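Below you'll find the structure, written out as C-alpha cells, and then a few comments.
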Amino acid sequence: MKYSRGFWKICIVLLILAYIPIIGLPLFNSEKPYLAGLPLVWFYSVVWVILVFILLLLVYFIDRRIGGIFE
Amino acid sequence: MSEEYIAIGIIFGWLVLTVSIGMVASRRGFRRYSSVESWFVAGRSLGLIVLWLSLGANIYSAYTFLGLPGLAAREGVRVWGITLYGMLSFLIGFLIVPVLWSQAKKYNWLTIADAFEGLYNSKLLGAFVAVTGSLWCIPYIQLQIQGIGYIIEVAAYGHVDPLSAKLIAFTLIAVFTVIGGLMSVAFINMLQGAIMLVSIWVIGVLAPIVAFGGVDKLFSILGDYVLHQPRGGVFRLTFSTEDILWLVSLITIAPLAFWLWPNRIQNVFGARDIKTVKRNIMLVGLYQISQIPVILVGLTAIALYAVGSLQVPVYRKPESDYAFMLVTCKLFPPWIVGIVGAGALAASISTAAAILHVVGALFSRNAYQRIFRPKASGRELVLLARAFTSIIAVVSLILAIYAPGVLIYLLLVGYAGIVQFFPAYVLRVWRRILTKYGALVGMSTGMITVAIVKSILGRPFGLYEGFWGLLVNIPLALLVSYIERRVRVGEKY
C-alpha cells in the first residue's frame, strides 16, 4: 500500500481547510443575526459540518482520479 | 390495545426478527468460511451495502439517539463538538484506514491488537492493546445498556421496570453475539442501520415542525429560555471561552481515536477489497449529517419543557438523556414510538454486540493464545472468546445499574483512552520512530493520566481528557524509545 506524493500534499491542504473554521469561531460566536432560522454560530457550525463532508467527497474523488492510495 | 403494548410490541417484535435473521445469516456464513476467520472478520467478504449499513449501526448507537439530543437539551451549543469531531474522523480515516486494511489483509491481522503485534513484532504489545482496548470498551457498552433501559422505560409509558428490560434485551444480544460472529453481527447491523436512519430523519425533521411550526419559533423560545432557565441549567446558544477550548481540544484529539476502536477497525477488516473500504468511509459520512436532525430533537425537548408542555426536567442529568424518546412520545402516536424505539434499541444493541464480539476476539487471540497457549485450537479460541464476552457484558451491566453516567461523557471517556494508541500506531508506521518499550510506556502512562484527570482533577482549563493523556504519552514514548535505541547501540559495541 502506497500513497502518491502529490496526493499527500492535497490531503494536507484539505485537512488544513477542514480545521480553518476554528479561527473564525470566536468571530461568529454570536446569536444574532439569525440565518435560515438558526442563530449565527449554529448556522456556522452546520456549514462547518457540511464543509468537512464536501472535503471528504473531494478526497475520495481525487483518490479515484489520480490513484492517491494504491496497492 | 393500550398504547404501551403497541410500542413495546413493535420494539420486541423487531428485536426477535433481527436476531432470527442474524442467526440464519451466521449459520450460512459458517458453511462458507473457516470458523475462526468467519467469527472474527466474516471471511473478509463484506460488500459495500452490508458494510455501509453495518458500520453505520456499529458507529451510531445510543449516543446518537439518546446522548446527542440529551447533550443538546442540557448544554445547547456544545453539542456541535460531537458532530464535528465525528465528521473530521472520516476525513482523517480516509488517510489511515485503507493502509491498515491493506496490511491486515497482507499479514492476516484479524484484530487491532494483531496490528500492533505485527508492527512492533511483540506479543506483549499485542496483548497490552488487547486487554486495555477491551477495558476502554466497557464505558461504551455501559452506555448502550443504560440507553436500552431509557428507551424501554419511556416506550412502555412507565409500565415496564427498566432493570428487567435491560436484562432481557442485553441477555438476548449477548446470546446472539456468542452464538454468531461478525457475519451475523454484520447482518443484524445492516437491518439496524436501515431502521435507524429512517427514524432519525423522520423524527428529527418533523419534531420542531409539529411542536412549534418550525425552527424559527423553536429558537425564539430557546432564546427566552437561556435568560430564564431554572437553577442548575447550563444551556447556552453561544460558546463560552471554556466551551471553545473544550471543542478545539475535542475535535483535534477524538478523531485520532475514531478508527482505532477495536470494534470499528475489525468491522472494516471484514471488507471485501480496498475500494469497498474507501467508498465506505466516504458514505458513512452521510450518517454524520444525520446527527443534525437528532440535535433538533434535543432542542425541541428543552423548548417543550420551557413552555410547560413537557413535565420531565430535561435540563438536568440524567433526565436529559430521555429527550429523544420523550419528544417522540409527546408528539407522535404509539406505533411511531414503537418504530423509533425499535430503531434506537437496534442501534444500541447492534453496537453493544459488535463491541462484545470484538473484545472476546481480542482476549482469546491476542492475550490468551499469544501469551499462555500458543498451540490453542481454533475451537478453543472461539469458546474462550465467548466466555470473555460474557464476563465483559456482565461487568458493563453491573456498572450500568450501580454507577450510571451521562451517556455522551461515557463515550468521550472511552475515546480519551483509545486515542492513547494513536501515537504508537502512527509513529511506527511512519518511519518506525517508536520502539516496543517506548510505545508501551507511552500508552500506559497516557491511559493512567486520562484516568487521573477524569476521576480526580476534573477537566483542567476545560480541555478534553484525551489531550492530557497525549501530553504525557508522546514525550515519554519518544524519550524511552531514544533510550532503548542508545542502550541497544551500546550493547552492540
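Since we're looking at a predicted model, the values are computed, not measured. The sequence lines fix the lettering, A, B, ..., with proteins before strands; numbering per chain opens at 1.
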Are B:F90 and A:F53 packed together at the side-chain level, in the sense that at least one heavy-atom pair is separated by less than 4.5 angstrom? no
Measure A:V41 against the heavy atoms of chain B and call it side chain, backbone, both or neither at under 4.5 Å. side chain
Main-chain N/O of B:F239 paired with A:N29 side-chain donor or acceptor, under 3.5 Å: yes
Atom group of B:L299 that falls short of 4.5 Å from chain A, counting heavy atoms: side chain
Contacting moiety of B:I295, where chain A heavy atoms sit under 4.5 Å: side chain
Applying a strict 4.5 Å limit to non-hydrogen atoms, the region of A:Y34 in contact with chain B is side chain
So, the part of A:I22 with a heavy atom under 4.5 Å from chain B: the answer is side chain
Can you check whether anything in residues 240-247 of chain B gets within less than 4.5 Å of chain A, heavy-atom wise, and list it by number? B:I244, B:L247
Tell me, side chain or backbone of B:L91 under 4.5 Å from chain A's heavy atoms, or both, or neither? both
Is there side-chain contact between A:L15 and B:L95, with heavy atoms separated by less than 4.5 Å? yes
Give a yes or no answer on whether the side chain of A:W42 reaches the backbone of B:V77 with a donor-acceptor pair at less than 3.5 Å. no
With a 4.5 angstrom heavy-atom cut-off, which part of A:L14 approaches chain B: side chain, backbone, both or neither? backbone
Identify the residue among B:V248, B:L88, B:L84 that makes a side chain to side chain contact (heavy atoms under 4.5 Å, CB included) with A:Y19. B:L88
Give, as side chain, backbone, both or neither, the part of B:P208 having an atom under 4.5 angstrom from any heavy atom of chain A. neither
Mind listing the closest non-hydrogen atom pair of A:L57 and B:M282 along with its distance? CD2-SD, 3.4 Å
